[in-house]
There are 2 protein chains.
Amino acid sequence: MSIRDLARHLDISIGTVSRALNGKTDVNQETRERVLEAAKRLGYVPNQSGRSLRQGTTNTIGFMIESTIETVDTGGGFFMPVFEGVQSVFRRHHLDLVALLCGTDEEPAEYLNRVVARRFVDGLIISATTRHDPRIDFLLERKIPFIALGRSETAGDYPWIDLDFEGVAATAVNRLVGLGHSRIAIAVPASDINLGYVFLDGYKRALANKGIAFNPDYVFRSYANEEGGYQIASAVLAQKPTPTAIVLVNENMALGLYRRFYESDIRPGRDIAVIGFRESTQSRFLSPTLTCFRISLRDLGIKLAESLLSTMPAFEDHYPHEKVELIWPMELVAGESDQGKL
Amino acid sequence: MSIRDLARHLDISIGTVSRALNGKTDVNQETRERVLEAAKRLGYVPNQSGRSLRQGTTNTIGFMIESTIETVDTGGGFFMPVFEGVQSVFRRHHLDLVALLCGTDEEPAEYLNRVVARRFVDGLIISATTRHDPRIDFLLERKIPFIALGRSETAGDYPWIDLDFEGVAATAVNRLVGLGHSRIAIAVPASDINLGYVFLDGYKRALANKGIAFNPDYVFRSYANEEGGYQIASAVLAQKPTPTAIVLVNENMALGLYRRFYESDIRPGRDIAVIGFRESTQSRFLSPTLTCFRISLRDLGIKLAESLLSTMPAFEDHYPHEKVELIWPMELVAGESDQGKL
DNA sequence: TATGAAATCGTAAACGTTTACGGAAGCCAT
DNA sequence: ATGGCTTCCGTAAACGTTTACGATTTCATA
């Protein structure tokens with residue numbers, strides 16, 4: 001069922017059929033309707049390879065996700081809601097969204113190289129940005145439209161949207177200070193992912209604002225998951241003087257942290273204050289419930305998609321070019337985990 | 001940088017270049033090496049649209065994942081490890097794997113229709129199979145190679161691999177009976193996903209084997225996530241006589257269940273036995289640790305990929321055609337959550 | 001009526017591959 | 001010298017689109 005078959009069936013030329021289907025102006029209204037009707041009736045759908053070859057465009061956007069130990073455990077569904085938001089925008093423009101999952105046995109930059117070389121996608125969303133991310137230079141040099149979910153250290157001349165790690169760290173510290181804490185620990189990822197550095201910066205700055213000296217011994221590094229939380233809890237308990245509060249960079253850490261504390265009869269919220277990171281399906285069901293921060297993930301996805309389109313020349317009539325360097329706000333969700341008295 | 005440029009640069013015909021790159025036999029060894037070397041040096045990669053158009057094949061496999069409320073919260077990373085396994089096989093055959101994420105605002109069958117119509121992929125892996133899954137009939141009729149992760153009720157003439165829900169339910173029941181329980185509840189998803197029915201069947205059969213009467217009041221239905229676990233815990237406590245044990249179809253339910261029990265001062269493992277489903281990053285860090293079942297997800301992915309290839313004519317020399325109707329084994333991981341005395 | 005503009009459509013080239021086909025050259029046996 | 005293999009390579013068609021270009025018709029206007 002090619003366009004040729006359809007044209008033969010309607011007894012008009014394939015050029016006209018193509019123009020009718022693509023909404024070109026120079027085609028009679030009546031014939032357009034005939035074409036559309038026949039296409040639907042016969043179940044004709046344009047062959048993507050054909051159009052791609054001709055137009056040099058694939059109508060596909062890739063969302064690259066790494067399955068590193070750090071990001072694999074996005075419990076509570078981080079990416080799915082974002083994806084839905086992205087997809088809702090793309091669908092209006094007949095763009096298909098695919099997730100490109102880079103395994104642990106391949107370098108992200110290598111993987112990306114393959115994707116780009118094969119001209120698989122028209123644009124890209126990358127995530128889990130590292131401090132100095134080679135993918136960004138690569139995409140800039142190849143002039144592939146892209147947007148990063150998460151900024152690198154040199155958040156230079158490329159579009160990115162990032163969560164408000166700095167703001168979250170500051171809000172958490174301020175809140176804890178307000179509750180009377182001064183020995184405030186922080187948990188960051190051990191990896192090179194940039195958000196850890198941003199988070200740490202926000203923490204330091206907030207401490208400084210409150211006139212509290214920064215103590216490097218209160219910075220704990222491990223995996224951004226349950227296991228990491230457990231290990232950090234052990235380290236926290238071993239540290240003297242023991243912190244009275246801890247701020248987590250990742251909500252999955254909370255469960256492991258809780259577990260380890262329980263084993264030493266330390267009850268979060270009563271004996272030590274804990275502020276998690278992102279509100280997830282789990283945070284409400286922990287005991288005590290986790291004080292954390294809410295993100296409108298779907299809206300984030302929508303903004304991500306719109307921003308990407310604004311960097312693509314083919315869409316500049318709908319989405320005029322704009323510089324996107326956006327910090328996405330997060331809203332405090334008070335729980336019980338930071339509410340104990342000192 | 002097209003094949004024409006490469007041919008011109010080497011001063012040979014494009015046909016020879018193509019044959020050299022594709023490992024055809026009728027090309028001189030020396031010229032082949034020259035071609036390969038030049039291709040690498042000049043960074044030539046065949047345009048996918050061109051080959052797809054010519055060969056009618058895309059070298060891409062799609063892994064369809066639905067982001068329904070049921071599957072979105074695959075905490076502990078279910079899909080990522082499976083994905084890696086699949087990818088490790090495909091990479092050897094120069095196949096690209098993409099994840100096709102169907103949002104909640106679109107029917108899975110509709111979404112699949114679009115994917116297939118645009119000839120996006122050469123083969124498909126579908127998951128979250130419902131009881132009567134229209135996608136299966138559709139793919140069979142269109143003769144698209146596919147494999148289902150999860151069987152439908154009429155697990156008929158199509159390839160599938162499924163987790164051993166029946167075995168897990170039976171093992172759990174037997175274990176609980178061995179510990180002295182007879183009032184054993186079961187938590188299943190409220191949706192039409194088929195695994196719930198299979199799980200329930202295994203439960204019923206195991207009860208019958210042990211001579212325990214099936215009590216419909218002990219079947220609890222809700223979402224397969226933390227929220228659902230919480231609701232089910234409430235329902236369990238309200239049920240008289242109260243069950244002394246409960247078997248979960250989903251590990252994410254455990255946290256909500258625990259939370260609700262704690263609110264009523266019921267301690268899992270002491271006052272009520274709980275057996276979760278899949279071992280995840282969380283199960284070890286719950287308090288008490290969750291008794292559950294381990295899956296080798298990477299191997300599952302590998303088998304999934306190999307099985308799919310065995311249904312594709314283009315690969316029948318490497319993977320001879322075979323009937324795939326496979327129940328994937330799961331191994332008990334004893335925790336503390338079922339160890340209380342009655 | 002002649003003229004030009006507007007509306008509509010057909011023709012054919014082009015996108016980058018793969019591959020069937022045939023031709024040229026080399027070699028060996030007759 | 002002829003014929004028949006084998007080895008290697010070039011030619012050109014084909015995949016299914018889109019689109020620049022030109023042709024035809026219609027229609028209003030001078």
Handout entry: Base C:dG10 to side chain A:R19, donor-acceptor N/O within 3.5 Å cut-off
Key =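 It does, because a donor-acceptor pair links the side chain of A:R19 to the base of C:dG10 below 3.5 Å.
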Practice task
Report yes or no: is there a donor-acceptor pair, N or O only, under 3.5 Å between the side chain of A:R54 and the base of D:dT18?
Solution key: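 Per atom types, the contact qualifies.
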Practice task
For A:V17 and for B:I3, find the nucleotide of DNA chain C with the closest heavy atom, then tell me which residue's nucleotide is more 5'.
Solution key: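 Comparing both residues, the 5'-ward one is A:V17.
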Problem - Upstream residue (5' side of DNA chain C) when A:V27 and A:R4 are each assigned their closest nucleotide - result: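 Whichever sits nearer the 5' end wins; that is A:V27.
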Whole-Å gap separating [atom2] ([N]) and [atom1] ([X]):
X	N	atom1	atom2	answer
A:Q48	C:dC15	CD	P	19 Å
A:I14	D:dC15	CD1	C1'	12 Å
A:N59	D:dT17	CG	P	13 Å
B:L21	C:dT17	CG	C1'	11 Å
A:N28	D:dT25	CG	P	16 Å
B:D26	D:dC5	CG	P	19 Å
A:I12	D:dT24	CD1	C1'	16 Å
A:D5	D:dG16	CG	C1'	10 Å

Practice task
Could you work out which one of D:dC9, D:dT17, D:dT19 sits closest to the side chain of A:Q55?
Solution key: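 The listed nucleotide nearest to A:Q55's side chain is D:dT19.
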Exercise for the section: Go through D:dC9, C:dC15, D:dT18 for me and flag the one nearest to the A:L53 side chain. Expected result: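 From the listed options, C:dC15 comes nearest.
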Which part of the nucleic acid, if any, lies within contact of [X], taking any heavy atom under 4.0 Å across all strands shown: a base, the sugar-phosphate backbone alone, or nothing?
X	result
B:S18	base
B:S52	nothing
B:N47	sugar-phosphate

Exercise for the section: Indicate the ring-plane relationship of B:F83 and B:F63, choosing parallel, tilted or perpendicular according to the 30° and 60° boundaries. Expected result: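 Judged by the thresholds at 30° and 60°, the geometry between B:F83 and B:F63 is parallel.
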Practice task
Name the orientation class of the two ring planes belonging to B:F146 and B:Y158 (parallel below 30°, tilted from 30 to 60°, perpendicular beyond 60°).
Solution key: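 Ring orientation of B:F146 relative to B:Y158: parallel.
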Problem - Bend angle of the helix from C:dT1-D:dA30 to C:dT30-D:dA1, end axes from five pairs each (to 10°) - result: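 If I round to tens, the end axes sit 60° apart.
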Problem - Note: A:D26-A:K24 ion pair, threshold 4.0 Å (strictly below) - result: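 Judged by the 4.0 Å cut-off on N to carboxylate O distance, A:D26 and A:K24 do not form a salt bridge.
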Exercise for the section: May I ask you to evaluate whether A:T31 reaches the phosphate of C:dC9, defined as a side-chain N or O under 4.0 Å from OP1 or OP2? Expected result: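 Yes, A:T31 has a side-chain N/O under 4.0 Å of OP1/OP2 on C:dC9.
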Handout entry: Steps toward ring-ring contact (aromatic ring centres under 6.0 Å, His included) verdict (A:H9, A:Y44)
Key = CA-CA 12 Å; A:H9 185 265; A:Y44 167 76; over 10 Å; no
Handout entry: Residue met sooner reading DNA chain D from 5', once A:S49 and B:S13 are mapped to nucleotides
Key =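 Looking at DNA chain D, the more 5' nearest nucleotide goes with B:S13.
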Practice task
Assign each of A:R51 and B:D11 to its nearest nucleotide of DNA chain D by heavy atoms, then name whichever residue's nucleotide is nearer the 5' end.
Solution key: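 Mapping each residue to its closest nucleotide by heavy atoms, the 5'-most match is B:D11.
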Exercise for the section: Please confirm whether the backbone N or O of A:T130 pairs with a side-chain atom of A:D133, one donor and one acceptor, at under 3.5 Å? Expected result: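 Side chain of A:D133 to backbone of A:T130, a donor-acceptor pair under 3.5 Å: yes, one is there.
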Exercise for the section: Would you confirm whether A:R135, through its side chain, and A:I126, through its main-chain N or O, come within 3.5 Å as a donor-acceptor pair? Expected result: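 Not a single qualifying donor-acceptor pair exists.
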Handout entry: Of all pairs that satisfy side-chain hydrogen bond (donor to acceptor under 3.5 Å, both in side chains), the ones with a partner from residues 106-129 of chain B, not counting sequence neighbours
Key =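 For residues 106-129 of chain B, and leaving out neighbouring residues, the side-chain hydrogen bond (donor to acceptor under 3.5 Å, both in side chains) pairs sorted by first residue read A:Q48-B:R118, A:R91-B:E106, A:D96-B:R114, A:D96-B:R118, B:T57-B:D122, B:T58-B:D122, B:E106-B:R114.
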Problem - Positive for side-chain contact (heavy atoms from CB on, under 4.5 Å) with A:I302, one of A:S307, A:S296, A:S88 - result: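 The single option meeting the side-chain contact (heavy atoms from CB on, under 4.5 Å) with A:I302 is A:S88.
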